[in-house]
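Index from 1, following the sequence.
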Amino acid sequence: MRNEVRPPAAILAGGLARRMGGGDKPLRPLAGRPLLSHVIERLRPQSSSILLNANGDPSRFSQFELTVVGDSVPDNPGPLAGILAALEWAGAQSRGTDYVLIAPGDCPFLPPDLALCLRQAADDCDASIVLAASGGQRHPVVGLWRVDLAGALRGALLEEGLRKVGQFVDRYPNASVSWTKTPIDPFFNANSEAELQEAEQLIKHREVEL
């Protein structure tokens, strides 16, 4: 991939994992290694650097050798807080960084052309935010975001109490890029124990390339 389309990436792992009984969902095992390692493996060839957004003691993620940054707003307000942390981190990296790639820590099958296709759509549509889609559904926490949205996002979180990603996205020029769900949905997320087991079976039966 050309350097100019390899943005910094941020993995959102700041959630409370209530559907899995709490704890760190990205550290749950999948095919013999942590779920998070699958996400990193998918993103590393597509990104110039990777941030992990996670709250609490960062040392529990030390095996992954990533920069770990927690939410910069209080009370665990959800994925928008993680996106804000990512935008602020990316903005501090380099003046030439205009977009950051966002993905959740529970999507182990992300497509290898994710960054490339999202950036192409951003350029073609002059979009501030480009979201991934599949099966006619947008995935609000998989996308490419302009770094200069950080100030507006901080205001929306703290002054308006905004919590829904889609509501913020729709305030700005945005686009989406769709991927096929055959043979699997590349944005499958292991958000529960049952879905984690389903991911295990997809890998076991070679429906997904490791």
Side-chain angles (χ1 to χ4, degrees), residues 1-2 4-13 15 17 19-20 25-48 50 52-53 64 79 82-83 86 99-145 164-170 173-210:
M1 182 180 294
R2 297 172 300 174
E4 62 265 30
V5 294
R6 293 184 66 224
I11 299 172
L12 306 184
R19 290 176 64 185
M20 284 192 176
K25 178 170 47 175
L27 296 181
R28 300 293 177 97
L30 173 63
R33 53 200 178 104
L35 174 58
L36 180 59
S37 67
H38 294 268
V39 182
I40 294 170
E41 185 177 79
R42 296 280 172 153
L43 290 178
R44 198 177 296 282
Q46 309 187 53
S47 58
S48 58
I50 299 178
L52 180 65
N53 164 244
F64 303 103
I83 293 170
Y99 285 92
V100 61
L101 179 64
I102 304 291
D106 61 0
C107 280
F109 309 137
L110 293 169
D113 59 352
L114 179 64
L116 180 65
C117 293
L118 294 179
R119 183 54 192 261
Q120 182 174 339
D123 291 341
D124 291 346
C125 303
D126 195 23
S128 296
I129 304 168
V130 184
L131 298 182
S134 59
Q137 177 184 358
R138 293 195 310 181
H139 301 288
V141 291
V142 185
L144 197 69
W145 289 61
K164 293 186 177 181
V165 178
Q167 288 183 355
F168 185 84
V169 169
D170 289 338
N174 67 82
S176 62
V177 178
S178 185
W179 277 262
T180 179
K181 295 179 71 172
T182 304
I184 66 154
D185 187 346
F187 307 108
F188 175 99
N189 64 309
N191 201 31
S192 66
E193 291 291 353
E195 288 166 344
L196 192 62
Q197 290 302 313
E198 183 179 350
E200 189 88 31
Q201 291 302 309
L202 289 170
I203 293 172
K204 180 179 180 181
H205 295 295
R206 302 300 183 189
E207 293 187 47
V208 178
E209 291 185 10
L210 292 175

Considering non-hydrogen atoms only, spot the tightest contact between Arg6 and Arg44 and give its length. NH2-O, 3.6 Å

Scanning both residues in full, the closest heavy-atom pair of Gly82 with Asn53 reads CA-OD1, 3.2 Å

With side chains defined as the heavy atoms from C-beta onward, is the minimum distance between Phe64 and Leu27 less than 4.5 Å? yes

Is there a side-chain contact between Leu118 and Tyr99 (heavy atoms, below 4.5 Å)? no

If you define the side chain from C-beta out and look only at heavy atoms, does anything of Leu110 sit under 4.5 Å from Leu43? yes

In sequence, state the C-alpha distance, the side-chain angles, and the governing distance for Ile40 and Ile11, and then conclude on side-chain contact (heavy atoms from CB on, under 4.5 Å). CA-CA 8 Å; Ile40 294 170; Ile11 299 172; 3.8 Å; yes

Mind checking ring-ring contact (aromatic ring centres under 6.0 Å, His included) for Phe168 and listing every partner two or more places apart, or none if nothing turns up? Trp145, Tyr172

May I have all residue pairs that pass salt bridge (Lys or Arg N to Asp or Glu O under 4.0 Å) and include part of residues 100-109, sequence neighbours excluded? Lys25-Asp106

Closest non-hydrogen contact found for Pro26 with Gly105 is CB-O, 3.8 Å

Determine the minimum heavy-atom distance between Ala175 and Cys125, stating which atoms define it. CB-SG, 4.1 Å

Can you name the residues that form a side chain to side chain donor-acceptor pair (under 3.5 Å) with Asp170, not counting sequence neighbours? Arg138

Which residues pass the side-chain contact (heavy atoms from CB on, under 4.5 Å) test with Glu200, not counting sequence neighbours? Leu30, Ala31

Does the pair Leu52 and Leu36 meet the rule for a side-chain contact (heavy atoms from CB on, under 4.5 Å), with working shown? CA-CA 10 Å; Leu52 180 65; Leu36 180 59; 4.1 Å; yes

Quick note, ring pair (Phe, Tyr, Trp, His ring centres under 6.0 Å) partners involving residues 117-141, not counting sequence neighbours, are His139-Phe187

With sequence neighbours excluded, give me every salt bridge (Lys or Arg N to Asp or Glu O under 4.0 Å) pair touching residues 174-192. none

Within the 4.5 Å heavy-atom criterion, are Gln46 and Leu116 side-chain neighbours or not? no

Rounded to the nearest 0.5 Å, the CD atom of Glu198 sits from the CG atom of Leu202 at a distance of 5.5 Å

Distance-minimising heavy-atom pair for Pro79 and Val141: CB-CG1, 3.6 Å

Does any non-hydrogen side-chain atom of Asn189 lie less than 4.5 Å from one of Cys107? yes

First locate atom CH2 of Trp179, then atom CG of Leu114, and finally report the distance between them rounded to the nearest 0.5 Å. 5.0 Å

With a 4.5 Å limit on heavy-atom distance, are the side chains of His38 and Ile203 in contact? yes

Quick one: closest heavy-atom pair of Ile102 and Ala86, and the distance? CD1-CB, 3.6 Å

Should Val142 and Pro104 count as side-chain neighbours, where that means a heavy-atom distance under 4.5 Å? yes

As an exercise, state the distance from SG of Cys117 to CG of Leu144, rounded to the nearest 0.5 Å. 11.5 Å

